[in-house]
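Computed from a predicted structure; not experimentally measured. Hydrogens, waters and symmetry mates are skipped; everything else that's a heavy atom, side chains included, is used.
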Amino acid sequence: MTRFRRSIVLAGLVLTLLLLGTSCWNAVELDRRALVMGVGIDKAKEEGKIALTVQIVKPGQLPTPRRAPGPGPPVWVVTSTGYTVFDAVRNFVLQSGRKLFWAHMVVIVISEEVAREGLAPVLDFFDRDAEPRRLSKVIIAKGIAAKEIMKGQHELETIPAAAIRDLVEGFTSVSTAVSVNLNEFLKRMSAGGVEPVAARIEVVAAEEREKAEEKALQSGDDGGMAEDPRLKAPPRFRVTGAAVFKGDRLAGWLNRPETRGYLWTQGKVVSGIVVLKCPQNEKETIGIELIRSEGEIKPRVQEGRVVAEVKVKAEAHVGDVLCPLDLTKPETLRLLEKRMNTVIENEVRAAFRKAQEGLRADIFGVGAALHRSSPGQWKKLKDRWDEVFPEVQVEIKADAKIRRVNLVLKPAQPK
Amino acid sequence: MNNTSSVRLSGRQAMWLVVTTILATTLIFLPAWVAAEAKQDAWLSVLLSMVVGVVTAWLVSTLGRRFPDLTIVQYGERILGRVLGKVVGLVYAAFFLHINTVIVREFGELLLTGFMPETPLVVFIGTIIVVAAYGAWAGPEVLARVNDFILPVILFLLGVSLFLLVNQANLAALLPLAEEPAGIVRGALASAVFFSEVIILAMLIPSLNLRSEAARAGVLGVLVAGFSLMAVTVFATMVFGGERVANLTFPYLALTRIVSVRGIVERVEFLALGIWVLGGFVKISVFYYAAALASSQWLGLREYRSTVVPIGLAIGFLSVIQFENIDQISSFLTTAALFAYLPVTLGLPALLLILATLRGLKGGSGTAPGPRGADKEVSP
Amino acid sequence: MSWLRDLMVRMKYEGVRQGKTRTAREVYRDAGELQGEIEDWVRTAENEREKDLLWRLHQIPVLKNLGANLTAIKNLLGNSGDLDIRTFVVGARNPVRCALVFVEGMSDKHVIRESILKPLMHLGRQEEPSRGFSSATAFEVIRDFSLSAGDVEEVRDIREVLNSVLSGDSALFVEGEPRAMIVASKGFKHRSITEPDTETIIRGPREAFVEAIRVNTSLTRRRLKTHNLRVDEIKVGYLSETKVAVLYVKGLAQEDLVREVKDRLGRIQTDTILDSGYLEDYIEDHPFSPFPQVQNTERPDKVAAALAEGRVAILADGSPFALIVPTTFHMFLQAPEDYYERPHIAVLLRSIRWFSLVLALVFPSFYVAATTFHQEMIPTSLALSIAAGRQGVPFPAVVEALTMEVLFEILREAGVRLPRMIGNAISIVGALVLGQAAVAAGIVSPIMVIVVGVTAIASFVVPAFSAAISVRILRFPMMVFAASLGLYGVMWFSLLIMIHLVSMRSFGVAYLSPMAPLQVGNLKDFYVRVPWWAMYTRPKPFGRRDPKRAELRQKPGPPTERP
C-alpha cells in the first residue's frame, strides 16, 4: 500500500510540475501592459467602420517621487479602426505592439453620431469582455468628435480620462448633469418602461477661441495668433445636461434645468443651488443650497388615462442673500419655501414636457413604476407604451423645507 | 493514539459539508438561470426549490436510519436484490462521477473566462483534480475538517461582498412580487438540481458518528445553503434588474466586479475567486469521494482508495470532452439535468424507501464493507 | 566472543526499554556463571574493540581486589586526565585500603574534601573496634556513620560506578569488598539562570532553563508544588548517556499519552543526544511535514502552564529547551505575555500574529500574482505607481521576488551567525546600502523592497521560531505557483497545505484543533484569550481527565450594595 501511495504522490508531483513547467500563459508584467484609461468611439471615415481612440498610460512619464513628470500628459492617444469594436481594439496592436488592457478604463466617450445610430452594438464588447468594468462612465460628446475629447488635457489631473470621470462625478454638487455608468445604462436599456440617459460632454473653450481669432484678425498680425496661449491650449470640456436615449438610440438632449427636473423625479438631486427672486425686489436674488431630496413617481390609471403623480421633497439651507431680508420671521421662510416649490415644479414640468413632447422617451421610468405597482395594468399598456407615455398626465407635488439660515440672520447692509 | 478525537463526522460537520456542497459553485451561476424564467421573482423560485432539497434530505436520512452502516449503493442491493441492485449501484456511481465532471468543467470555465483567459482549460481541470484527489483520498473526516475552515470563510466573503453592494441595490427592482407564478415554478425547477445535491448524504451517513443527526444535517444544510443562494439572487436582481441578470454568464462574479464604495473599495473579484476555488475544492472532493466510494462498493472492493486514481482520470477526461462550451453546461443543468439527475436524487431514493418499508427491511452492515479506508489516518 | 556481545546487547536494550538501568544484582542473577570469564576479560581487555564492547556491557562486577577494580576503571576510561583516584587507609589497628574515584570538574571539590575525605581520615579515632576493621565492617561503618554527604548508594557494577563517576559523583572502593559506594558529590559549573533569550516578554517571570537538567526540573517544580508532579527519567544515547526527564501531572495528563511519550522516547537507539532537538526528530508524528509538531520553550512558566493543562513536557540534560507535547498549531502563535497582561490586548496581538503569519506566507506571492496576472484587481492609482516603479526593471516580478527573498535569507543567516557587533554592520550594509543601491540602479523596483521588507518583519512576529521557519520555507514554492497560475496557484497551494495540516496529528491530537475540527468551547484561548475566571475548563484534547480548572462565577466586580 505504501508503495502504491508513494507512486501516486509521485505521479501527482510530476503532473503538477509538468503543468507548471509549461506555465505563464497569462503572465504579463504590469509595466508591459498597455493600460487604457479612456476610450472614445467615433464613426470612421470609411463606411461601416468604427474608430476607437484610446488613452494609454505611459508609466515612464508618470510623476514619481524620484522623477519629475515628463513633458505633456503621461498618456498616449492612439486611434484605430475596425468593423466591430473588438476588431478595432485588436487593431491597436499594430500600432502599440502590446495588447490593450481595459480593466482600468474609467470613461467611454461616444460621439453624437454613433449614439444616434444605436449604442447596443458598440457597448457589447465592454459588457461581454472580462476586462472592462461596468463601472466606466458612459458619456456622449455633443458637437465634437470623441477623438478630440480623448486628446484633451486637464490642469489638475495628470490623466485626462480620470479628469473626465471626475467631471462627471462632480454632478452631485450642482445636480444639473447626470452620471451614468455602463451597468446603469445597460440595465435601463434592457428593462421595460424606462429609457436610459447618459452624461453629455461639450467643449467650453470654443467661444474663447473665436474671440481670440477675431482679435488677431483685427490687429492684422498673423504671428500673434500662433503665440496666443489660449489658441494653443487644448480644448477644455464641460459636463452638463444629459443625453436622452430611446432604446439604445440617442433621442436628444436635456438642458440644465430639465436635467435637474429629471433628477428631482429620481430622487437623485444630491446638492445644488436654487436661485429665487427676492420678495421685495424682483431684480435681486437669493441662493438656496439644497442638501437633501427625495423623489417618487406614483403612476395610476384613471379613467383610461395614466396619471403620474410626482412627489418631490427637498431640504435646503440659505446660501446667500442679495437683498435685505429678515430671515428671523417664519413667514419669510414660508414664502421662500413656497417659491422653491414653484421652481421645483417648473423644472420637473419642463423635463416632462421635453421627454413627452420632444423626445417621446420615458426616462423617468413611469412605465416601470406602473409595472411595479399594478402589473395587471402594465401588461395591457406595455406594448403601446411609446404612444401612451406622451399622453401621461403629470401631477407634481413639491414640498421644500428650509432648515437653516447659516451664520447670519440678516445680511449686513450699509447704513 | 486515536484516543483524543473521534475519526468520524459529527452532525454539524455533515451539515456544513452539505452547505458547502450545495452553495459553493452554484452561487456563481444560479441567479442567471433562475432569473431567465422568473425575472425579478427569481428569489421566490430559489425559496421554492429548497423543497426539493428538503425532501431529498428527508428521503436519504430516513433510508440512512434504516441502514445506518450502508451507503445507498449497498442498501440498494439489499432492497432490490442482486441484479437490480447492481444496476442501481451503477446508476449512482455513474451519477456521482458525471455530476463531478460537470462541476469540474464549470470550475475551469469560470477561471478561464473570468480570470485567466489565455491559460488552457486542462491546467485548471488537472490541478483541481490533483488536489481533490488528495482530499478524497484523505477521506470525509479530513474533508470535513478542511471545510470547518472553508465554510466560515466562504460565508464571510459572501457576506462582505453583498454588504459592499448595499449602496447599489435598488429594492424596487424586486417588484412586482410574484408576477408570474408559472415562471416561478419553472425557475424553481431550473434550480432544483442543485438542491438535490444533498444526495451526497447517502454516501456520508455511514461515516457519521450519530446517524440520527443525518436528517437535521441534511435539512439544515439545504436551508442554510438555500437562504445564502437566495441572498445572492436577491442582490443580483436588485443590482442588475431581473432582465439583465438573466443575460449574465456569471452573475455573482459580475456582482463583485461592480462593487464600488465611494470609488475606494473596488475591484474585489478576488472574493468571488476565493469562494470559487475554496468551495469548488470541497464540492469536487466530496463528489469525488462519493464517486470513488460508490464505484468501489459496486465493484466489491475493500478499500475505496483503490478507485481514487481511475476515477480522477475519468473525471478529467470526461469533463474536457463532454461539453463543447459553457452554454452546453448551463442548458444541460437547467433542462436535461432535470430528467437525468432528479430521478436519481429524488425518484430512486423514494422508490427504495417505499420498497424497504413494504418489505420491512432494516439492518446494519452485515457482510458489506463500510467506507473503511476512510478511518485510517493519513500521513503526509 | 559474539555470544557475549549478543547477550550484552539484548540485555542492555531490554533494560532501557523498560525505562530503567539494570542493577548489578540482576546482572549477576542473569549471568552468574560467566563471572570468571568476565573478570579475566576486564583485566586483559586491551584493544579498542574489546574495550568498546565492555563499555557497552552491563555486567562488570566490582571485584574484591581493589587493585583490579582500579585497573578496570583505568582500563575502561583510558588515561583520562580528569580522572582522579585518591587511595587512603582507614583504621590504625588493621588498616584497610580504600580508594575514592571521581572526575575533576564534574564533582564539587568542597563536598569531597569536607563531607567525604575529612570524616574518613578521622575515622580511626572513635569507631574502630578493638580488633580493627574487617573490610566488611569498614564498608558499613563508612556508609552508616561517617559520611556526611547527602546521598549514598551501594552498587556492585563497575559500569554503574563509571556512570555515576562520569556524571560527577564519587565512588568509594574498599579493599576486599565486592561492592562500591556512590557518594553524591555532583557539582559542576553550569550557566546561571538568566532571562530567556528567545522568548522575551515585558511582563511576567524572567527565568529561563539552563543546560543542567536538575536545575530545570527544580525550576518547574518550584512552579508546581503538587505531589502529583512526576519527573520520570530515562537515559538515552549510549555515548552521551543523556538524562531525559518526562514531566507530567499525575491524574491530569492522560495515561496513554504519558505511556506513548515514554514509549517513543524508549525506542530511540542512538549514540548521542546533545539537545532536546534530537529527541524532537525521533518522536514527532509527521517527520516530513514542514510544520513543527512539538513545541519547545526555554521558559519554565510555559512548561508549568502546559503541565497544568494536562500536557507532557520532556527535558533533556544539556539542553535549555524543554519539549511540550501534544502540540497544536495555534500554540505557536501564543506568547506567554498573552496570559500575563490583561486579556484585551491578547485579542489584538493574536489577530496581528495570525495576520502576519499569513502575510509572511503569501505576501510576495500575492504581489507576484497580482502584478503579473490580476492587474484588474489592483486599484488604478496603485497599479499606475507600481507600473511607474517597475519602469526599466529588467526582470519579471517573480524573479525579482525570488532574488530578493533569497538575498534576505542570506542576510538573515549572516546576521544570526556572526558576532553581534558585525551582525549589525551586515544588516546595515545589506538592508540599507544594497537595497538602496539596487533600487537606484533600477535592478529592483522600490515596491518589491517594501514587499520583501514587510514579509520579513511579518515572519518575525510569529512568537515561535520553529513555526516561522515553516512559513519561510513554504513561501518559495508558493511564489513559484503564484508565478505560474496567479492567485489560483496561490489558493491551490494553500489548499494543499490546508489538507496537509488538517490531516496531521500530534500525539493523537488534531493539529489544527480547535479550529478544524471546530470545537467552539475550546476557542476561549484561540483568537481571543478570555479572562482567567472565564477559562474555567482545561482545553479539551488534553485536559479531559479533569476538565475543571477553576471555580465558576468568579467574575470580579465592585461589591454589590446592600439594600
Side-chain angles (χ1 to χ4, degrees), chain A residues 6 9 12-13 15-38 55-70 74-75 98-107 129-136 157-159 161-162 165, chain C residues 288 365 367-401 436 439-442 445-451 477-490 492-493 495-496 499-500 503:
Chain A
R6 200 176 304 145
V9 171
L13 278 177
L15 182 62
T16 315
L17 286 177
L18 271 180
L19 288 172
L20 293 180
T22 53
S23 60
C24 310
W25 298 274
N26 265 71
V28 181
E29 295 298 326
L30 189 51
D31 53 320
R32 303 276 308 159
R33 288 274 197 204
L35 260 65
V36 176
M37 292 302 292
Q55 279 185 9
I56 298 171
V57 182
K58 294 189 271 189
Q61 288 211 18
L62 283 171
T64 66
R66 290 181 295 126
R67 188 167 58 208
V75 291
R98 300 177 187 178
K99 273 203 263 177
L100 303 191
F101 187 64
W102 293 88
H104 291 276
M105 179 187 60
V106 288
V107 289
D129 197 82
E131 278 179 13
R133 305 260 135 181
R134 295 196 179 92
L135 290 170
S136 311
E157 176 65 58
T158 46
I159 294 171
R165 190 231 4 237
Chain C
F288 290 116
S365 321
Y367 174 79
V368 169
T371 55
T372 53
F373 286 88
H374 308 287
Q375 290 95 343
E376 73 272 15
M377 293 186 199
I378 311 173
T380 306
S381 47
L382 181 61
L384 291 180
S385 39
I386 294 176
R390 272 192 61 80
Q391 276 299 304
V393 174
F395 306 112
V398 60
V399 175
E400 209 185 338
Q436 193 68 30
V439 170
S445 65
I447 299 212
M448 184 53 81
V449 176
I450 297 173
V451 169
M478 189 74 103
M479 273 185 263
V480 174
F481 281 103
S484 50
L485 286 173
L487 267 187
Y488 172 68
V490 173
W492 189 85
F493 192 59
L495 273 175
L496 274 192
I499 305 173
H500 170 67
S503 53

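Here C:Q375 is the residue among C:E376, C:Q375, C:R390, C:H374 with the most heavy-atom pairs under 4.5 Å with chain A. Of the listed residues (C:V398, C:L384, C:T371, C:T372), the one with the most heavy-atom contacts under 4.5 Å to chain A is C:T372.
Of the two parts of A:R32, neither the backbone nor the side chain holds a non-hydrogen atom closer than 4.5 Å to a non-hydrogen atom of chain C.
Heavy-atom minimum distance, A:P59 versus C:Q391: CB-NE2, 3.5 Å. Considering all non-hydrogen atoms of both residues, A:L35 and C:A383 come closest at CD2-CB, 4.5 Å.
Note that NE2 of A:H104 and CG of C:L382 are 9.0 Å apart. Values are rounded to the nearest 0.5 Å.
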